[in-house]
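Notes to accompany the following structure.
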Amino acid sequence: MKSEDTPFEGGPMDGRVLPVLLGPTGHPPKTYRIPVPDAAGGPPTVLVYRRVPRGHSRLGFQQGWRYEYDPEGERGSRLKWPWSKPGAGQSGKPDDTDG
């Protein structure tokens, strides 16, 4: 499998460059999760990084990818559909207040 040296920005991994495995399309994964073990033996903390474009050339071609730290982690990773309303119920049905 191919890998690409990818820079990380923000959070505890700021400034580091790690080799990240590329998928079948030649791109690194959209999210990169790094489990950090707890010193007290508790559950590990998971650092979440999101893939963003590194930059563009003068001709407009993308020059690769980098990862930015996402402090929200798992909470911010839910899909947000354009037709979803904020605070919609679990059943997906609108709230019926008149019966």
Problem - Side-chain heavy atoms of Val36 within contact of Pro44, under 4.5 Å - result: no
Handout entry: Euclidean distance, Tyr67 OH relative to Thr31 OG1, rounded to 0.5 Å
Key = 7.5 Å
Handout entry: Polar side-chain atom of Thr25 near backbone of Gly23 as donor-acceptor pair, under 3.5 Å
Key = no
Practice task
Taking the side chain as every heavy atom from C-beta outward, state whether Ile34 and Met13 have any pair of such atoms under 4.5 Å apart.
Solution key: yes
Practice task
Could you state whether Leu47 and Leu18 fall into the same hydrophobic cluster, counting links through intermediate Ile, Leu, Val, Met, Phe, Trp or Tyr residues with side-chain heavy atoms under 4.5 angstrom apart?
Solution key: yes
Exercise for the section: Give a yes or no on whether a salt bridge exists between Arg66 and Glu68, defined as a side-chain N under 4.0 angstrom from a carboxylate O. Expected result: yes
Problem - Polar side-chain atom of Tyr49 near backbone of Gly10 as donor-acceptor pair, under 3.5 Å - result: yes
Fill in the blank from the handout: Heavy-atom nearest pair, Val20 first then Pro29, reads CG1-CD, 3.8 Å
Practice task
Would you confirm whether Arg50, through its side chain, and Lys30, through its main-chain N or O, come within 3.5 Å as a donor-acceptor pair?
Solution key: no
Problem - Smallest separation among heavy atoms of Pro28 and Arg51, with atom names - result: O-NH1, 2.7 Å
Handout entry: Partners meeting side chain to side chain contact (heavy atoms under 4.5 Å, CB included) with Gln62 (sequence neighbours left out)
Key = Pro53, His56, Trp65
